[in-house]
Amino acid sequence: MPLVPLAEVAVHLRPDDEVAVAAKFIPAGAELEFHGERLIVKQPVKLGHKLAVRGVKKGGAVRKYGQIIGFARSEITPGEHVHVHNLGADLFERDYAFCQDCPPPPRAIERRTF
């Protein structure tokens with residue numbers, strides 16, 4: 001199979017995300033290029049499902065779009081389908097910092113009228 005850039009078949013937003021989200025069906029055995037590395041898809045990944053782009057040890061946090069979405073129930077290897085069979089939602093401390101990444105508001109603008 002030809003090597004396909006990950007961005008053509010999946011969405012990976014943040015550099016620290018362990019998973020990418022399939023933008024179309026990705027068959028098992030597909031070979032994807034991710035940051036200069038070859039990533040071989042181990043199981044079929046349906047549209048909207050997650051694909052591991054890096055390994056996660058058992059109990060390790062799994063991030064999607066910069067947010068922890070769960071913890072690995074077993075070791076997850078690159079190229080693996082990530083879903084309820086290998087991902088669990090454990091209790092953990094959450095940081096609900098709202099709009100942490102938003103720029104500061106602009107200076108106050110004096111009221112204008114017509």
Side-chain angles (χ1 to χ4, degrees):
M1 290 189 150
L3 194 60
V4 176
L6 178 76
E8 287 187 15
V9 296
V11 177
H12 184 259
L13 287 185
R14 303 277 181 118
D16 59 341
D17 287 347
E18 283 79 22
V19 297
V21 178
K24 60 171 84 174
F25 176 77
I26 306 172
E31 297 181 15
L32 308 175
E33 184 274 324
F34 179 66
H35 293 299
E37 299 289 324
R38 182 179 298 262
L39 183 67
I40 300 174
V41 179
K42 295 183 167 83
Q43 301 91 10
V45 181
K46 295 178 185 178
L47 169 69
H49 282 236
K50 297 168 292 299
L51 170 71
V53 295
R54 61 178 57 89
V56 182
K57 293 183 180 182
K58 182 178 179 177
V62 176
R63 287 174 187 79
K64 175 178 97 172
Y65 305 151
Q67 302 296 314
I68 295 174
I69 59 166
F71 298 89
R73 289 185 175 180
S74 58
E75 182 175 346
I76 298 173
T77 58
E80 236 182 288
H81 177 218
V82 178
H83 200 54
V84 296
H85 67 283
N86 58 4
L87 186 66
D90 298 333
L91 293 176
F92 64 100
E93 189 68 31
R94 291 172 170 85
D95 179 7
Y96 294 105
F98 182 71
C99 290
Q100 193 73 8
D101 295 334
C102 293
R107 295 186 336 237
I109 300 173
E110 71 180 66
R111 186 173 168 104
R112 296 178 182 175
T113 58
F114 289 97

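What you see below is based on every heavy atom in this structure, not just the backbone, and it leaves out hydrogens, waters and symmetry mates. Just so it is clear, the structure is predicted and the values come from calculations on it, not from any experiment.
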Please assess V9 against L51 for the test side-chain contact (heavy atoms from CB on, under 4.5 Å), listing each intermediate value before the final yes or no. CA-CA 11 Å; V9 296; L51 170 71; over 6 Å; no
Single-linkage hydrophobic cluster [X]~[Y], side-chain heavy atoms < 4.5 angstrom:
X	Y	result
V53	V45	yes
V4	I26	yes
L32	V21	no

Report the residue from V19, V56, V82 that forms a side-chain contact (heavy atoms from CB on, under 4.5 Å) with L87. V82
Can you run down the salt bridge (Lys or Arg N to Asp or Glu O under 4.0 Å) pairs that involve residues 59-77, sequence neighbours left out, and say none if there aren't any? E18-R63
Can you list every pair that meets salt bridge (Lys or Arg N to Asp or Glu O under 4.0 Å) and has a residue in residues 2-11, with sequence neighbours left out? none
Atom CD of residue position E33 - does it have more than 12 heavy atoms of other residues, nucleotides or ligands inside 6.0 Å? yes
Go through the structure and list residues passing side chain to side chain contact (heavy atoms under 4.5 Å, CB included) with Q43, not counting sequence neighbours. E80, H81
With ILVMFWY side chains joined below 4.5 Å, transitively, what does L47's cluster contain besides itself? none
Kindly give the heavy-atom pair with the smallest separation between R14 and G66, and that separation in Å. CG-N, 3.5 Å
Write down the atom of P78, the atom of G55, and the distance for their closest heavy-atom approach. CG-N, 3.5 Å
Out of curiosity, D17 CG to I69 CD1, how far, rounded to the nearest 0.5 Å? 8.5 Å
Interatomic spacing from NE2 in H85 to CD1 in I76 - rounded to 0.5 Å: 7.5 Å
Any residue meeting side-chain hydrogen bond (donor to acceptor under 3.5 Å, both in side chains) with S74, in chain and number order, not counting sequence neighbours: none
List in chain and number order the residues that pass side-chain hydrogen bond (donor to acceptor under 3.5 Å, both in side chains) with K42, two or more places apart in sequence or in another chain; answer none if no residue qualifies. T77
Just grab all the ring-ring contact (aromatic ring centres under 6.0 Å, His included) pairs involving residues 18-47, residues at least two apart or on different chains. H12-F34
